Trainee: 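Here you go, one structure.
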Amino acid sequence: MSTPFKLAPLPWDSSALDPVVSAKTISFHYGKHHQAYVDTLNKLVDGTAYADMKLEKIVQATMDAQGKEKKIFNNAAQVWNHDFYWRSLTPARTEASGRLASAIARDFGGTAELIAKLAEAGKEQFGSGWAWLVSKDGKLSVEKTANAETPMAKGINCLLTVDVWEHAYYLDYQNARPQYLEAVLDRLLNWEFAAENLDKEDHAVRAAAE
Ligand SMILES: [Fe+2]
């Protein structure tokens, strides 16, 4: 069996987010859950046209699918979501600056207001899912999605995400999802990654206009 999809390396050491997210949580979340999505995806796409497709294209092509293709969507989206989540977090203190900071001020009033909206979205997501900062129609906004669903499937530019599946916080916070959200949003968000994602969109818009 070919294995076209690989588990991408973490952008930091597995204990780097401690104590907000412990090395034990990372060992299960990355080493077991994320790895399992990669392994299951490789099994599901074996011998299909999806084996030669980019991960993003698979997610977009299967977002409304049923049956086996729904399983492909769930696993492909979770591989993408988790890779995006790891890169949304950093142990280094970063701050929104430049054009990202201006866009946050314009659309939320400030970083504190944006963080409050992300916390609310993460708390309100019933069951498993994700809270997102996205850029859509020239405006930043906060969205929440259930299970493996991702704004990227609809072609929406994602800037940051926070995983609110129980496996993301149960070992460290038990059932206290709000405490996990408060700590992660306050201490670990990678604003430089968000700025890069916003800049990519501007380059794409300029390229399309030329
Ligand atoms: Fe997760």
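Just so we're clear, the structure is a prediction, and the values are computed from it rather than from any experiment. Whatever order the structure lists them in is the order used to number ligands and atoms, beginning at 1.
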Trainee: Can Leu171 be reached from Leu10 by stepping across I, L, V, M, F, W or Y side chains whose heavy atoms are under 4.5 Å apart?
Mentor: no

Trainee: Looking only at non-hydrogen atoms, find the nearest pair between Phe73 and Ala153 and report the distance.
Mentor: CE1-CB, 4.3 Å

Trainee: Check side chain to side chain donor-acceptor pair (under 3.5 Å) between Glu124 and all other residues, then give those that pass, not counting sequence neighbours.
Mentor: none

Trainee: Could you count the protein N, O or S atoms found under 2.8 Å away from the Fe ion (ligand 1)?
Mentor: 4

Trainee: Which pairs of donor and acceptor atoms, one on a side chain in residues 78-87, lie under 3.5 Å apart (sequence neighbours left out)?
Mentor:
residue, atom, partner, partner atom, Å
Gln78, OE1, Asn81, ND2, 3.2
Gln78, OE1, Trp130, NE1, 3.3
Gln78, NE2, Tyr37, OH, 3.2
Trp80, NE1, Glu56, OE2, 3.2
Asn81, OD1, Thr150, OG1, 3.2
Asn81, ND2, Ala77, O, 3.3
Asn81, ND2, Ala148, O, 3.0
His82, ND1, Gln78, O, 2.8
His82, NE2, His29, NE2, 3.0
His82, NE2, Asp163, OD2, 3.1
Asp83, OD2, Arg87, NE, 3.4
Asp83, OD2, Arg87, NH2, 3.1
Tyr85, OH, Tyr180, OH, 2.7
Trp86, NE1, His34, ND1, 2.9
Trp86, NE1, His82, O, 3.4
Arg87, NE, Asp83, O, 3.4

Trainee: Who else is in Met1's hydrophobic cluster (ILVMFWY, side-chain heavy atoms under 4.5 Å, direct or via others)?
Mentor: none

Trainee: Under the side-chain contact (heavy atoms from CB on, under 4.5 Å) criterion, do Glu95 and Glu192 qualify, and how do the steps go?
Mentor: CA-CA 7 Å; Glu95 275 183 19; Glu192 289 174 7; over 6 Å; no

